[in-house]
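First up is the structure itself, then whatever we jot down about it.
Residue numbers count from 1 along this sequence. Because the structure is a prediction, the values reported are computed rather than measured. Heavy-atom basis, side chains included; hydrogens, waters and symmetry copies ignored.
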Amino acid sequence: MTTAAASPLLTAPIGPALTRLSLPAILAMFIQTIMSAAEAWFLGRVGPVALAGAALVFPMLMLVGMLANGALGGAVAGATARALGAGDIAKAEAVLRQAILLSVCGAVVSAVVFLGFGRPIFAALGGHGPVLAAALDYTAVLFAGSGLIWAAGLLSSVVRGCGRMAFSAKVIGLVTAVHVPLAGLFILGAGPIPAMGMTGAALAQLCAYGAGTAWLLADLAWGNGPVKLRLGPGGGMKEILGSGIVGLISPLLSVGAILMLTALAGRLGPVALAGYGIGARLEFMMIPIIFGIGSAMIAMVGANVGAGQHARAVNIAWRGTLAASLLVGGIGAVLAIFPDLWATLFTDEPAIVEATRAYLRVVGPFYWLFGLGLASFFASFALKTVIWPVLGGVLRLAIIAAGGLWLTQGDMTLNGLFWVIAVAMACYGGFTATALWLGPWRPQATSIGATS
């Protein structure tokens, strides 16, 4: 990206510019939620055991997605945006090369952890018998090919760092368009294709992300974007890892919280676990929606940081964070009032539906605080203030751990568990926003050196 190409990010009115960049990303994220919903729907036709097995694996899949798109991906996008804001295309292309290296490393680590230790991990989460077997069938295929998920996430991060939200949205659209029909075909079977259940669910995921990765590589090699895929010297890894390593903690904390809650729900039986899993999917689906606005913030904030316009960068960060909070809070409020809009999408088992309703009624009203904390996490990659959302995540996990311990000492109920989730969510968003407002994101801040 030349300085001229970056100028709209540096000079355009913040509200319209942020909206223009956010809308395609939000639309794409809404489209991507269809992937998870479709898979759950098809697995629901297989039965409660398949849904419960998917509930065990789902946090692991989302962890990889959050690392590739959010933690390391956010650091890659932020580094790309800052380089282009400063007019340094060579540095941005070095970041692209490092992103490819990181995708290979991420794939290797994922395979070692989940293929080597999947059984004890899922057993610790409450998976036993047929449920554990279903989770392992899914894992064996999914994490053998997780390099495709890593590559799609990190390459898309470079594209988003360039401000090319519309193209990133098209890639997500392709991934979803490939996944949904294949998920139905591979899970349930049709004609000469046998029903493969959990194995088919994982295979559909890999085919979809493989298509997205191929398109991204072709565009970066031969397309018209500002950053090109070509041989050259390394560089930029220290900058990526500076924010990325700290950022890695946040999704690990988030998934750690989900795993802890999954284990607690598993103590109440497969029906409670399946109901909680359907409810928790909504929380995970808020992440892509927040990410849609967050990716726009990274591009705009990073470009302004690179150009030295620090006060404007902080202003953009606050506006985008509040917008994401209101959007997510609105969805949570609607589903708290009308829980069957979500609960009955995945199953018609009355007990599972009722458990999902309970989750939405208790936790839904607190989603705006979850959005407040998570949106600030994405903007922090460009402002180099990731430590504060991470500390908010630590607080959230600590509250869940303490609440879970308290519940297990008495007569634990699913409703009590949901209130622990709600309180932890409220503290996460409240702490993060307050810490940033009083410290590094002070409205009067005029330099990153003074605010980081």
With sequence neighbours left out, write down each residue that passes salt bridge (Lys or Arg N to Asp or Glu O under 4.0 Å) with Arg119, or none if nothing qualifies. none
Donor-acceptor check, side chain of Arg45 to backbone of Trp41, threshold 3.5 angstrom: yes or no? yes
For the rings on Trp342 and Tyr359, is their centre-to-centre separation under 6.0 Å? no
Can we say Arg396 and Glu283 salt-bridge, meaning some charged N sits less than 4.0 Å from an Asp/Glu carboxylate O? yes
Show the nearest heavy-atom pair for residues Ile400 and Ala424, with the distance to one decimal. CG1-CB, 3.6 Å
Can you tell me how far OH of Tyr209 sits from CG of Leu216, rounded to the nearest 0.5 angstrom? 12.0 Å
Nearest 0.5 angstrom please: Ile298 CD1 to Ile316 CD1, how far? 12.5 Å
Does Leu148 offer a backbone N or O that forms a donor-acceptor pair with the side chain of Thr213 under 3.5 Å? yes
If only atom types and distance count, is the side chain of Thr356 paired as donor or acceptor with the main-chain N or O of Ala343 below 3.5 Å? no
When you look at CH2 of Trp318, are more than 12 heavy atoms from neighbouring residues, nucleotides or ligands closer to it than 6.0 Å? yes
Phe366 versus Ile421: any side-chain heavy-atom pair under 4.5 Å? no
Suppose we call two aromatic rings close when their centres sit under 6.0 Å apart. Are Trp441 and Trp388 close by that rule? no
Going by side-chain hydrogen bond (donor to acceptor under 3.5 Å, both in side chains), name the residues that satisfy it together with Asp340, two or more places apart in sequence or in a different chain. Arg357
Are Val363 and Phe370 packed together at the side-chain level, in the sense that at least one heavy-atom pair is separated by less than 4.5 angstrom? no
For residues Leu61 and Ile149, determine if any side-chain heavy atom of one lies less than 4.5 Å from a side-chain heavy atom of the other. yes
Would you check if Phe418 and Thr413 make a side-chain contact, meaning some heavy-atom pair closer than 4.5 Å? no
A side-chain contact here means heavy atoms from C-beta on lying under 4.5 Å apart; do Pro339 and Arg361 qualify? yes
Is there a donor-acceptor contact under 3.5 Å from the side chain of Ser376 to the main chain of Gly373? yes
Which atom pair, heavy atoms only, marks the closest approach of Pro365 to Ala336? CD-CB, 3.8 Å
Considering all heavy atoms, the nearest Leu21-Ala296 contact: CB-CB, 3.7 Å
Between Met60 and Ile121, is there a side-chain heavy-atom distance shorter than 4.5 Å? yes
Are Cys162 and Thr80 packed together at the side-chain level, in the sense that at least one heavy-atom pair is separated by less than 4.5 angstrom? yes
Residues in side-chain hydrogen bond (donor to acceptor under 3.5 Å, both in side chains) contact with Tyr138, at least two apart in sequence or another chain: Glu39
For Asp219, side-chain hydrogen bond (donor to acceptor under 3.5 Å, both in side chains) partners two or more places apart: Arg164
Shortest non-hydrogen pair, Thr344 vs Val353, comes out as CG2-CG1, 4.1 Å
Interatomic distance, Met196 atom CE to Leu188 atom CG [nearest 0.5 angstrom]: 10.5 Å
Side-chain (Thr434) to main-chain (Phe431) donor-acceptor, under 3.5 angstrom: no
Looking at side-chain heavy atoms only, is the closest gap between Leu72 and Trp150 below 4.5 Å? yes
Pairs involving residues 414-432, ordered by first then second residue, that meet side chain to side chain donor-acceptor pair (under 3.5 Å) (sequence neighbours left out): none
Please determine whether side chain to side chain contact (heavy atoms under 4.5 Å, CB included) holds for the pair Leu154 and Ile100, giving the CA-CA distance in whole Å, both sets of side-chain angles, and the decisive distance to 0.1 Å. CA-CA 7 Å; Leu154 288 167; Ile100 294 173; over 6 Å; no
Where at least one partner belongs to residues 52-78, residue pairs that pass salt bridge (charged side-chain N to carboxylate O under 4.0 Å, His left out), sequence neighbours excluded: none
